[in-house]
Amino acid sequence: MNKCLFLALAAALSFPASAMEQKFKTQDVYLAASMSNHELHDKEGTRAALHFGVKNIYNGTLFYGGELEAAILSNDDFEKAYGAAEKASFSASIPFGVRLQATENIAFDLYGLAGYTLTSVDLTTKKDTIDGFRWGGGLNTSLSNFQLGVRYTEANLGGDILNRNITEKNISLLIGYKIDL
């Protein structure tokens, strides 16, 4: 059921609302990569991710969009403590925020985000997926077609593993490129 919700959210993010579509002035389509300090259930590891997203910027200031993210995880401390290895995660998020235009080629995006995430975990006897609501915020600097940013996300994940809710936290550094279509 949760996987169906994840796929429905991902599909919905691809299409802006028709009424709003006529009002946006610009649209950013971007590819980005990030490295993160990753924490799962108070055990620290690393996370490398690829992001694909779209932002619709209205009147040059307010924006919302959609972002899909795929990540590879490594968390030796979690594996030693619980006998479970994190492998990968997939997320769909809706960023929303404000763009502050400094010059024609330099802008700052201050934003929040909300979405859903799935994380694959290998136990010694079986594989499991933990999933849940994800939220956070960040600041990106756009320099012409390039963007640099920092982002914090947190998620409460549930699943069969450990028979309890697990908190995931990430502090990420992003570098990206805006695609001209």
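Within the 4.5 Å cutoff, the side chain of Leu174 has no heavy atoms near those of the Gln147 side chain.
Residue Thr117 comes nearest to Ser89 through the heavy atom pair OG1-CB, 4.4 Å, listed as atom of the first residue, atom of the second, then distance. What you find for Gly132 and Leu157 is that their closest heavy atoms are N-CD2, 3.6 Å. Contact record, Tyr111 with Pro95: CD1-CB, 4.3 Å, taken as the closest heavy-atom pair. Contact between Thr46 and His38 at its shortest, heavy atoms only, is C-CB, 3.9 Å. Contact record, Phe108 with Ala102: CE1-CB, 3.9 Å, taken as the closest heavy-atom pair. Contact between Asn156 and Trp135 at its shortest, heavy atoms only, is ND2-CH2, 3.8 Å.
Just one of Tyr30, Phe146, Phe52 meets the ring-ring contact (aromatic ring centres under 6.0 Å, His included) condition when paired with Tyr177; it is Phe146. Lys169 pairs with exactly one of His41, Glu154, Glu44 by the side chain to side chain contact (heavy atoms under 4.5 Å, CB included) rule, that one being Glu154.
With sequence neighbours excluded, no residue forms a ring-ring contact (aromatic ring centres under 6.0 Å, His included) with Phe96.
Salt-bridge check for Glu67 with Arg151: passed, with a basic side-chain N closer than 4.0 Å to an acidic carboxylate O.
Atom OG1 of Thr26 sits about 3.5 Å away from atom CD1 of Ile57, to the nearest 0.5 Å. For the atom pair Ser144 OG and Glu104 CD, the distance stands at 9.5 Å (nearest 0.5 Å). The structure places CD of Glu69 at 4.5 Å from NE2 of His51, a figure rounded to the nearest 0.5 Å. Separation of atoms NZ (Lys178) and CD (Gln27) is listed at 12.0 Å; rounding is to 0.5 Å. From Leu143, atom CG reaches atom CG of Leu148 across 5.5 Å, with rounding to the nearest 0.5 Å. Taking OG1 from Thr141 and CG from Leu110, the interatomic distance works out to 10.5 Å, rounded to the nearest 0.5 Å.
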Show the numbers, then the answer: is there a side-chain contact (heavy atoms from CB on, under 4.5 Å) between Thr119 and Ile166? CA-CA 11 Å; Thr119 300; Ile166 297 171; over 6 Å; no
side-chain contact (heavy atoms from CB on, under 4.5 Å) for Ser93 and Arg134? Distances and angles first, verdict last. CA-CA 8 Å; Ser93 300; Arg134 176 182 189 212; 3.4 Å; yes
Walk me through it: do Asp28 and Arg99 pass the test side-chain contact (heavy atoms from CB on, under 4.5 Å)? CA-CA 12 Å; Asp28 288 351; Arg99 172 165 285 181; 2.5 Å; yes
Apply side-chain contact (heavy atoms from CB on, under 4.5 Å) to Asp131 and Phe90, showing your working. CA-CA 9 Å; Asp131 55 349; Phe90 302 95; over 6 Å; no
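Linking Ile, Leu, Val, Met, Phe, Trp and Tyr whenever their side-chain heavy atoms come within less than 4.5 Å puts Ile130 and Phe78 in one cluster. Linking ILVMFWY residues whenever their side-chain heavy atoms come closer than 4.5 Å, directly or via other members, places Val29 and Leu31 in the same cluster. Tracing side-chain contacts under 4.5 Å through hydrophobic residues (I, L, V, M, F, W, Y), one never reaches Met35 starting from Leu50; they form parts of separate clusters.
Of the N and O atoms on the side chains of Ser172 and Ser36, at least one donor lies less than 3.5 Å from an acceptor on the other residue.
Under a cut-off of 6.0 angstrom, the local environment of CD1 in Ile72 is sparse, with at most 12 non-hydrogen atoms contributed by other residues, nucleotides or ligands.
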